[in-house]
Structures are given as structure tokens and as C-alpha cells.
Trainee: 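For reference, the structure I am asking about is given below.
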Amino acid sequence: MTVFIASLFLPKTVHFTLPGTPPRGSHSEKKQPPPADDRFPLERQPSLFQPQVNLTTPPHTPTEERKRDDPFTNEDGLRIQLPPLQLPADGLRAPIDRNSPTWGGRADQPKSRANSPPPPSILENIRNIQAKAKELGRQGITQPRTLVRSDSHDRVFAHANWKVSSADQGNGGLRNAAEAASREGKLGDYTWVGTLGMPTDALLGTQQLQDIEDRLATEHDMLTVFCSDKDFDGHYSHFCKQILWPVFHYQIPDNPKSKAYEDHSWKYYVNLNQAFADKIVKNWKRGDVVWVHDYHLLLVPGMVRKKLPDAKIGFFLHVAFPSSEVFRCLAVRKELLEGMLGANLIGFQIHEYTRHFLQTCSRLLSAEATPDGLQLEDRFVDVLNLPIGIDPVSLSHHRKEDEVKRWLDIMRERYAGKKLIVARDKLDHVRGVRQKLLSYELFLNKNPEWRDKVVLIQVALSTSEKSELDATVSDIVTRVNSSWANLAYQPVVYLKQDIDYAQYLALLSIADALMITSQREGMNLTSHEYLFCQDGEIGDKKHGSLILSEFTGTSSLFGGNELSVNPWDYRACAEAIRTALEMGDKEKERRWSKLYEAVNHHTGSHWFTEFMSRLDRVYEEQHRRDQTSVPRLSMSALGQQYKRTDRRLFILDFEGTLVSWGPVNQIIPVSPQRTLDVLNDLLLDDRNTIYVMSGRRPEELDRLFHRVPNLGLIAENGCFLKDCGSSTWTEMADSEQIRSWKESVKNILTYYLERTPGAEIEDRRCSLIFHYKSAEDYEAAMRQATDCASHINDACEEQHVHAIPLDGCVLVEPIDWTKTTAAARIFSDLQDGMAPDERHKSPVDFLMVIGDGREDEKVFKWANSLGGEGMVKEVVTVSLGSRNTEAAATLTQGVSGKRFATFLPFVRVGQWPRSKRDSQC
Ligand SMILES: O=P(O)(O)OC[C@H]1O[C@H](O[C@H]2O[C@H](CO)[C@@H](O)[C@H](O)[C@H]2O)[C@H](O)[C@@H](O)[C@@H]1O
């Protein structure tokens, strides 16, 4: 059995040694300038302490204590330049949240052939560079030419030497988790499926590409997914980065620049997902597990399911899942959800994202959501919230490297006497670096005693999102530095480049506080690593504070022991900085211990193995319920069971089982005579007790069954019960509770009724039904009905009531009284000898439940459990129709009253013309 781990980027890629260039990683190469080409123009990297040039006026934050006109500037605007620090050679690993995407931008990998127009910011940059070059040209200075892809370029790569290296793109948290699980022996054979993270058009059809694919497969257990550069670019740089990433992080709703409605890049997203699915399908063998990761591959589960209906498929979303109000803005919302729903199990980092997903599916797909997952027409899909974590073992190992100690010493010396607030973030809007700097600025302005004593070290990883943000952040840095720096002090150290792993670990260990101000973030693993590094194992036992945005998944794990902030509330953030710096040692240690405990509990390995074992469990469970694996009801076995028992209880669903379905808002005039005859026949045997269960009202059932005198009835899906032989109904539900929720629900229903011409509300004793079958505009009515159901489910959860969208109506009924609770009551009364009918005093040894609907599934489950516990000798549960089921047997063709009537008489008389009976059903 192999586990396929599918993620956009493989953990490995290849780097080429081009003629005339030194091999990657050599000292001389480090001195090369970054590659320049038409997609990623050459940019000057700032030195460590160089303030940025002030280009525009950065935004201001409010303050109450305006000592000067502008609280963000000081009088002299002093600027200072200190010599840059020497950077050592690259470390072996990258920090967990790896570097920004560099697809198509490396000198030692081929250039892209995707000819989509570069984003306006890049065009602008190119224009600036060209203008500068022109100007320098006029002054007689010649510039190196930018690299442009050409045929000779392709030939060079096709013949150059290459080697497999660790990729610096992709999900470091996932890789570490898989490695940890494998190291601990909890993960057997596994194969990564992903792209090389570099353009490959240049190598198309070459032996070179074949060799790369073979080497990765044989030496690294990695299946490479190939797609055209155009597909990759359209998928990643466009659909993922400009549509999905912002929307999943709440960046679109009212933004006029939003691209969420443009779907020209959708086809590339589909193509790339299809390439993944094809690769998996081609290599899959029975028993293999497929685990697909993150927002880049939302369609893969559905595509694989289409080809491999029985495959065990898991999906985990690493980023946040937004509220349904945000998600519904996506033009391809249904396709995305349906893609995800191809999985057997869908995992999210925290409960909030799971809840959003369930709500979104219930609203947009009208799927029935339960806390465990979604009941689709033919399958159940389980959901799970399970936060990913770090790998303390490997972290601990790397911390001991000499290079880390060397950097600790350097920093200790350089920042002696200063408190350090540190951070390492991607420079995109979502990560909130701008908000952080503004808060820090406000803190310095409001707390003069801290000026000169605190330094914020912000490492910012550039992204393809080169924008005003870049300039704005640089400007704020310049402004803060020009406000409060002096010859020996610079309040912000802003590194617009990544640092190697050793520096990163040293930074986390020496910090007095880590500040994370993401506007949204699936899980912030940097804070986990920081807490781990603060244990004093290397460096001082700082037990530093964590300032953490409440909009990160991580924040829900930490139980308030972090300094939780709303990144938009600059004043509160500034205050949190002060609290962090002034907190007493005892309090710091108390908080840190709790946080450390959480980090050590939610490790990457734990996440990995928990997901895998949950996937196994839900797969078994779903498979068991699957129609194709549930046997057809055997009439001969049923006859034997019937004959060897003396006390039989039948619980039979009405509509869809005894009679075919009718419109819920119309009364059923009369039950078919044949059905009534069969029931009366069965009841002639004293050893038989029969209950019919239905969603219909008591008076309707009375009318339908008045010619079956000894029949028991369950009305309104369990809210009313009429025992066999009794002439009165018992109200099972608490009428006071019903009255109270009905009042609130009626208000909501009325709101939707007013907006749905032709709809009506039916007021049953314990339920309300919003009927829209006869609405003037059925499509619009359906949308209103879906919203209405979600509205009720959100607003009335605490009143123990739920709304279920059905065909042409929304049924609102209590959660506490169901067909199952009624069945359980009947059964326990019979067991206790409390049945009103004198005939029914001995315990039940045969229990048969027949039904066809979702509600009946729960009754099957209950009945089966009685069999499993040995409380009833013979339990027969039968599902009609083609849904997947909890029942132990099925009758695959839908059974009308007539069909049903054909097999029950044989139960009574015990005649079993086997083959004939079986074929009839
Ligand atoms: O930038 P991308 O290539 O599109 O990838 C998105 C990010 O993926 C990883 O982060 C996500 O997963 C982390 C682990 O589960 C989680 O902590 C984080 O919140 C998610 O966004 C990766 O670590 C990031 O570098 C990528 O930007």
C-alpha cells in the first residue's frame, strides 16, 4: 500500500549548471546578482541597515497623544547607515514557511514560455529600468542585457548538467510533518506527486526531462507532474494567486480591483488539476491512499473519484476557509466545492474553517450538513478539524548546529541592551506587515521611554505581488527610522530578503517577542517554532511573549495565553507591544509554559498520523454504508429469522416505503388497500407488533390507517406517538420548547415568504414547513429557500431546532425528538413489559426496520446497535432505493406499496420460494 501525497510543488527540484557559471551554492555564486529577465526584473537588495528612499507619503495611524503635529515623525528626520552584516553560506534547510514563489525566475532553471502579459507592476518596473538604462547609456555607462528566453536558451538547458536539490518553494510544514511521521515509523511507503516548480517547456520531448523524471521516481519516490508553462502560469500566478489566495483570506468582497469574477484563468486551473489527477490515476493500485493538499488542487479529489470510484481519498486545506458570504463571490464556487467533495475526508486547520465549509456546502449545494460531514445524494463525506504543527525533533537537532550559535553570538553582541521584537513574513497584504509597522510606530510615539531600547527586526519575503504594498512598507520603515534612529540605534531593521535557517533559528531564540499580525492565516507555524526556540536550550531562557493576530488559526489553539491582537486596531497592538516588553518574568513563564505545551501536543507528526488513521476509519465506515457493498435482502434468511423468533417488532417507514412519495403539502387521500391488507395480515399473528413512522401529522395518519386497528403510529417524525391498541396520541416533544422556537422561526420564514411569491408556510404541531413548489420563479425560490435554511440553522442552533432543505420545501423541526427517539421509546417499553396492549408483554427477539430516507438511516443505526450489543437476537434493517446506507440489507429497486406487499405475506406464512422471491425484489 502506498500513500500518494499530492501537493503543488515536490520537495525536490533540479538545478542546472550552465556553461560558464559556477555550480549552485559555491561561494562565488553567492556574489552573483539575482537573475534579471523580463518577468522578474533585476532589483537591488537593500543592505541590512539601509533605510529605504521615501517615495510617497505613507498612511498615518491615529493617536490620542499628539505631542507634535504629526505623531509619526520627529523634528530632525535623522538617517543613518551602518555597515551591513556578513551573510554566511546557505543553511541546510529553509524555515518552515518557505521562500516566496520563484517559478520561472531562476538563472539555473529554464525560463517560462508562458506568454501571458506580465502584471502592470512588472511592466512599470521594466519601463523604469529601461528609462534608467537609457539615461545611463547617455552618460556612456553600459548595462548588462536582461536574459530573454530563446532557442539557444532551450538547447543549453537540454544539455546542461543538473542535480536534484531541495526545493525552496512549497509547504515546509507538510514536508516536515511527513518526514517526522516517516521517521517515527508511522508512515509506510509514500510517494510525492507534484511539479518541479520550474518551467519545463524548454525541455519538452528531451531525454533530459525523461532522465529527471526517472531519477526523481527511482531515487526519491517522487512522481513528477508535467504541464505546459502556460498552464502553470495561468494556474499559479493567476488563478491561485490573484483569485483563490485573496478570496480564501477575505481579501475581495468590496474591493473594486478584485479579480474574483474574472475566470479566464480557470481553464488553466482545471488543466493543472487534471494533470495531477491523471498522474495519480495512472499510478494508483487497489489499496493505495491518495492525500491531496491545499487550495492549488481543489479539483483533484473529484477528478480522481470520477476515474476511481473506490479510491481512498483525503484532502487537507492548509489555508483558511472563508465564510460562505465570501466564498459565494467566486464564479466557479460550485465546481470548487464539488471538486473537494470527491474526497472521503476533508480536513481543515480549525473548527471555524470546517464550520464555514459545511455552511457553504449547505447553502450553495443544498447538501445536508451534520457536525461529522455532508450527506450527499449518494455518499457521505466526512470533515475534520486538525491543526498542523511543527517537528520539534528536527528543530531541536538543527538548533544545535554551530552556525546557529555563531549567529546568536553575533546578535547578542550587536543588540546588547536592547529588547528585540522579531518577525518573518511574506510581504503580501494578507500577512499584515504594514499594520505591524504602523502599530510599532505608534508604540514608539506613545512610549518615549522605550525609544532607543527596542528594535523590531522584520524579515520580509518578497512575493510575486510586487505592489504599492512594497513601497508603502519601505516608506513606513524609513519614516520610523528617520524619526527615532541615532548614531548607535535603529528602531527597525528591515530585511527585504530571506535569511538562512541558522539565522532564523538564532533570531527566534534571542527574541523577546514575536509579533504576527496576519489579517488571515491558516496556521502560523512561525509562532510554534518561536515558542519552541524560547525554551533556553540554546541561548537564554527568555520565555518571550507572543503577540498574535486573532485571525490566525494558531490563535484558537493557544487559549488566550498569547497576547491576542486585532491587527487593524493599531492602538491595541501598540499596547500589546508594551505589555510584551514590560511583562514580569513569572507571568511570561506561566504563559509560555501553556503555549509550549500546546505546541508540543499539536506536532506535525501527530497531525499526519491522526489524519491518516481518521481517513482509514471514515473510509471503512462509508464503504460499509455504500449500496454496492450492502447485500440485497435475502428472503430465505429473513424467513428463517422470522420463524425462529416469537416476539417481533416491525418499524416501517410510510412514504417511499409503504406508499410512494407524494407532495408534502398535499394530503395522501388513502393508503393502498394492498398495503393495509398486508399490515392487517401480519397483525393477525399475536407475536407481531407494527409501528408505521412518518413526517405527517397525527390526524392524517389516523385517517390513513383507521382500518388497521392494532397498528402503532409515529407522527411528525417522532414528535407524536400512538401505541398499538391505543386510541390516543402522546406528545413526545416539549410543547413549551416547540412554542418558543416556532416564534423565532416564523419570523425568519415570513421574511423569506415575502420575497418568494407563490410560496407558503405550513404550520404543523411540532414543525414548520416552507413550501415553494408552486413559487412563481422556482429557481429564485430555491435560492431563497437555501438561504432561509442556513439562516435558521445559524440563528436557532441553541434552540435545538434545524432546517432541512428538501425537494420543493424546507422542513424545520426539533433536533431532540426524532423517529429514532420514538423507536427507542417503543422498544424500551416493550422490553420493560409496559406496552399498553396485553399481548405485548415479552421482550423483543426480532426487530425489523424498513425505510428509504435520511431520517430512517438513524433508525437503522440504532437498530443495528441493539443487534450488536446482543439486546435483540435478530435485527433486520432494510433500505429501499439507491442511497448509501447504514442498513444491513437493501432492496435496490424503489419499493412501492405494491412491491412491499409482495414480500411481507411470505414472512407471515413462512413460504420461501427463494429464487422467485429474490428476483422479484
Ligand atoms: O504561496 P503558495 O505556494 O501558494 O502556498 C501557500 C502557502 O502554503 C504554506 O502555507 C500554508 O500551509 C501552512 C501549513 O499548513 C499553514 O501554516 C499556512 O497558514 C498556510 O498558508 C506555505 O508554508 C507557505 O509558505 C505558502 O505561502
Trainee: Have a look at Leu299 and tell me which of Leu272, Val304, Val332, Leu336 forms a side chain to side chain contact (heavy atoms under 4.5 Å, CB included) with it.
Mentor: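 Among Leu272, Val304, Val332, Leu336, the one meeting side chain to side chain contact (heavy atoms under 4.5 Å, CB included) with Leu299 is Leu336.
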
Trainee: Give a yes or no on whether the backbone of Phe860 and the side-chain of Thr877 come within a donor-acceptor separation of less than 3.5 Å.
Mentor: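 No, Thr877 side chain to Phe860 backbone: no donor-acceptor pair under 3.5 Å.
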
Trainee: With Tyr295, which residues qualify under side-chain hydrogen bond (donor to acceptor under 3.5 Å, both in side chains), at least two apart?
Mentor: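 Lys241.
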
Trainee: Within the structure provided, determine whether Thr554 and Glu562 are in side-chain contact (heavy-atom separation under 4.5 Å).
Mentor: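 Contact flag for Thr554/Glu562 side chains = no.
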
Trainee: If I compare all heavy atoms of Leu374 with all of Ala367, which pair ends up nearest, and what's the gap?
Mentor: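 Residues Leu374 and Ala367, closest heavy atoms: CD2-CB, 3.9 Å.
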
Trainee: Using only atom types and a distance under 3.5 Å, with no angle test, would you say the side chain of Thr2 pairs donor to acceptor with the backbone of Asp288?
Mentor: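 Judged by distance alone, no pair lies under 3.5 Å.
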
Trainee: Closest approach of Ile280 and Ala6, non-hydrogen atoms and distance?
Mentor: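 Heavy atoms of Ile280 and Ala6 come nearest at CD1-CB, 4.1 Å.
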
Trainee: Would a distance-only check, ignoring hydrogens and angles, find a side-chain to backbone donor-acceptor pair under 3.5 Å from Thr195 to Leu8?
Mentor: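 Between the backbone of Leu8 and the side chain of Thr195 there is a qualifying donor-acceptor contact (under 3.5 Å).
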
Trainee: What closest approach, in Å, do Glu550 and Ser564 show between heavy atoms, and which atom pair accounts for it?
Mentor: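 Nearest pair, atom of Glu550 first, then Ser564: CB-OG, 3.6 Å.
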
Trainee: Are the aromatic ring centres of Phe4 and Phe276 under 6.0 angstrom apart?
Mentor: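 No.
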
Trainee: Under the side-chain contact (heavy atoms from CB on, under 4.5 Å) criterion, do Phe380 and Glu621 qualify, and how do the steps go?
Mentor: CA-CA 10 Å; Phe380 190 85; Glu621 175 105 330; over 6 Å; no

Trainee: Going through the distances and angles, do Phe327 and Arg333 end up as a side-chain contact (heavy atoms from CB on, under 4.5 Å)?
Mentor: CA-CA 7 Å; Phe327 191 89; Arg333 58 202 187 175; 3.7 Å; yes

Trainee: What pairs meet the salt bridge (charged side-chain N to carboxylate O under 4.0 Å, His left out) rule with one or both residues in residues 336-363, with sequence neighbours excluded?
Mentor: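 Residue pairs with at least one partner in residues 336-363: Glu325-Arg363, Glu352-Arg520, Arg363-Asp794.
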
Trainee: Rounded at 0.5 Å granularity, tell me how far CG in Asp856 sits from CZ in Arg854.
Mentor: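 The distance works out to 12.0 Å.
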
Trainee: Is there a donor-acceptor pair under 3.5 Å between the side chain of Gln349 and the backbone N or O of Gly553?
Mentor: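 No, the answer is negative, given that no donor and acceptor are paired below the 3.5 Å cut-off.
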
Trainee: Quick one: ring-ring contact (aromatic ring centres under 6.0 Å, His included) partners of Phe315, sequence neighbours excluded?
Mentor: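 Once residues adjacent in sequence are excluded, Phe315 has no partner under the ring-ring contact (aromatic ring centres under 6.0 Å, His included) criterion.
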
Trainee: First locate atom CD1 of Ile346, then atom CG of Asn385, and finally report the distance between them rounded to the nearest 0.5 Å.
Mentor: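 Rounded to the nearest 0.5 Å, the CD1-CG separation comes to 13.0 Å.
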
Trainee: Are the side chain of Thr603 and the backbone of Val599 linked by a donor-acceptor contact shorter than 3.5 Å?
Mentor: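 Checking the backbone N and O of Val599 against the side chain of Thr603, no donor-acceptor pair under 3.5 Å is found.
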
Trainee: How far does SG of Cys788 sit from CG of Leu749, to the nearest 0.5 angstrom?
Mentor: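 That separation rounds to 5.0 Å.
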
Trainee: Once side-chain contact (heavy atoms from CB on, under 4.5 Å) is applied, do any residues pair with Ala789, and if so which ones, sequence neighbours excluded?
Mentor: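 So Ala789 forms a side-chain contact (heavy atoms from CB on, under 4.5 Å) with Ala803, Pro805, Val810.
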
Trainee: Taking atom CH2 of Trp817 and atom SG of Cys766, what is their separation to the nearest 0.5 Å?
Mentor: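 It is 8.0 Å, given to the nearest 0.5 Å.
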
Trainee: Mark yes or no for whether Lys334, through its side chain, and Leu365, through its backbone, hold a donor-acceptor pair below 3.5 Å.
Mentor: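 Looks like no, no N/O pair under 3.5 Å.
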
Trainee: Only counting residues at least two apart or in another chain, list the ones meeting salt bridge (charged side-chain N to carboxylate O under 4.0 Å, His left out) with Asp278.
Mentor: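 If we apply the salt bridge (charged side-chain N to carboxylate O under 4.0 Å, His left out) test to Asp278, skipping adjacent residues, there are no hits.
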
Trainee: Using side-chain contact (heavy atoms from CB on, under 4.5 Å), reason through Phe551 and Gln519 one step at a time and then give a plain yes or no.
Mentor: CA-CA 6 Å; Phe551 298 106; Gln519 297 180 357; 5.9 Å; no

Trainee: Restricting to pairs with a member in residues 599-620, which pass salt bridge (charged side-chain N to carboxylate O under 4.0 Å, His left out), not counting sequence neighbours?
Mentor: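 Every salt bridge (charged side-chain N to carboxylate O under 4.0 Å, His left out) pair that includes a residue of residues 599-620, provided the two are not neighbours, is Lys312-Asp616.
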
Trainee: For Glu874, what residues pass the side-chain hydrogen bond (donor to acceptor under 3.5 Å, both in side chains) criterion, not counting sequence neighbours?
Mentor: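 Per chain and number, Glu874 pairs via side-chain hydrogen bond (donor to acceptor under 3.5 Å, both in side chains) with Gln641, Arg644.
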
Trainee: Answer whether the closest heavy-atom distance between the side chains of Asn273 and His235 falls below 4.5 Å.
Mentor: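 Sidechains of His235 and Asn273: in contact.
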
Trainee: Does Phe239 reach the side chain of Leu244, with side-chain heavy atoms less than 4.5 Å apart?
Mentor: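 Sidechains of Leu244 and Phe239: in contact.
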
Trainee: Within a reach of under 6.0 Å around NZ of Lys594, are more than 12 heavy atoms found that belong to other residues, nucleotides or ligands?
Mentor: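 No, NZ of Lys594 has 12 or fewer neighbouring heavy atoms, counting only those of other groups under 6.0 Å.
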
Trainee: Assess the side chains of Asn344 and Arg305: does a donor N or O sit below 3.5 Å from an acceptor N or O?
Mentor: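 Side-chain D/A pair, Asn344 to Arg305: present.
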
Trainee: Where the side chain of Tyr269 meets the backbone of Leu298, is there a donor-acceptor pair that is under 3.5 Å apart?
Mentor: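 A pair under 3.5 Å: yes.
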
Trainee: Would His293 and Asn171 count as having a side-chain donor-acceptor pair, cut-off 3.5 Å?
Mentor: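 On atom types as modelled, these side chains do not qualify, holding no pair under 3.5 Å.
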
Trainee: Indicate the atoms forming the closest heavy-atom contact of Leu10 with Val193, along with that distance.
Mentor: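 Scanning both residues, the minimum pair turns out to be CD2-C, 3.7 Å.
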
Trainee: Heavy atoms, side chains only, cut-off 4.5 Å: are Asp382 and Gln622 in contact?
Mentor: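 Asp382 reaches Gln622 side chain to side chain.
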
Trainee: To the nearest 0.5 Å, what is the distance between CE on Met871 and OG on Ser828?
Mentor: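 The CE atom of Met871 sits 9.0 Å away from the OG atom of Ser828.
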
Trainee: Taking side-chain hydrogen bond (donor to acceptor under 3.5 Å, both in side chains) as the test, write out the residues that go with Ser527, two or more places apart.
Mentor: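 Partners of Ser527 by the side-chain hydrogen bond (donor to acceptor under 3.5 Å, both in side chains) criterion, ordered by chain and then number, come out as Asn524.
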
Trainee: Quick check against the 3.5 Å criterion: does Thr786 have a side-chain atom that pairs as donor or acceptor with the backbone of Met782?
Mentor: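 Between the backbone of Met782 and the side chain of Thr786 there is a qualifying donor-acceptor contact (under 3.5 Å).
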
Trainee: Identify, with sequence neighbours excluded, every residue that meets ring-ring contact (aromatic ring centres under 6.0 Å, His included) alongside His802.
Mentor: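 None.
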
Trainee: Test your reading of the model: is there a side-chain donor-acceptor pair from His356 to the backbone of Phe321, 3.5 Å cut-off?
Mentor: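 Flag set: sc His356 to bb Phe321 pair under 3.5 Å.
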
Trainee: For a quick check under 3.5 Å, do Glu886 and Asn864 share a side-chain donor-acceptor pair by atom type?
Mentor: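 Checked: Glu886/Asn864 side chains show no N/O donor-acceptor pair below 3.5 Å.
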
Trainee: Residues in side-chain contact (heavy atoms from CB on, under 4.5 Å) with Ala824, at least two apart?
Mentor: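 With neighbours one apart ignored, the set is Trp862.
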
Trainee: Which atom names give the shortest non-hydrogen contact between Glu655 and Asp852, and what distance separates them?
Mentor: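 Here Glu655 and Asp852 meet closest at O-OD1, 3.3 Å.
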
Trainee: Please report the shortest heavy-atom distance between Tyr353 and Glu521, naming the atom on each side.
Mentor: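 Taking Tyr353 first and Glu521 second, the nearest heavy atoms are OH-O, 3.2 Å.
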
Trainee: Using the test side-chain contact (heavy atoms from CB on, under 4.5 Å), find all partners of Gln799 that sit at least two apart in sequence or belong to another chain.
Mentor: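 Result, side-chain contact (heavy atoms from CB on, under 4.5 Å) vs Gln799: Ser740, Trp741, Ser744, Cys796, Val801.
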
Trainee: Taking the side chain as C-beta and beyond, is there a heavy-atom pair between Phe357 and Leu341 under 4.5 Å?
Mentor: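 With C-beta onward as the side chain, the pair touches.
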
Trainee: When you measure from the side chain of Thr609 to the backbone of Ser605, do you find a donor-acceptor pair of N or O atoms at a distance under 3.5 Å?
Mentor: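 Yes, the answer is positive, given that a donor and an acceptor are paired below the 3.5 Å cut-off.
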
Trainee: Please determine whether side-chain contact (heavy atoms from CB on, under 4.5 Å) holds for the pair Lys307 and Trp284, giving the CA-CA distance in whole Å, both sets of side-chain angles, and the decisive distance to 0.1 Å.
Mentor: CA-CA 11 Å; Lys307 294 275 172 52; Trp284 183 87; over 6 Å; no

Trainee: Side chains of Trp607 and Phe316, heavy atoms from C-beta outward: is any pair under 4.5 Å?
Mentor: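 With C-beta onward as the side chain, the pair touches.
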
Trainee: Rounded to the nearest 0.5 Å, how far apart are CG of Leu652 and OG of Ser694?
Mentor: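 Answer rounded to 0.5 Å: 12.0 Å.
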
Trainee: Using salt bridge (charged side-chain N to carboxylate O under 4.0 Å, His left out) as the criterion, list what pairs up with Glu857, not counting sequence neighbours.
Mentor: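 Testing Glu857 for salt bridge (charged side-chain N to carboxylate O under 4.0 Å, His left out), a comparison that skips the adjacent residues, returns Arg883.
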
Trainee: Below 4.5 Å, heavy atoms only, C-beta onward: do Val381 and Met340 meet side chain to side chain?
Mentor: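 They are not in contact (no side-chain heavy atoms under 4.5 Å apart), so the answer is no.
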
Trainee: Are Glu813 and Asn717 packed together at the side-chain level, in the sense that at least one heavy-atom pair is separated by less than 4.5 angstrom?
Mentor: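 Counting from C-beta outward, Glu813 and Asn717 do come under 4.5 Å.
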
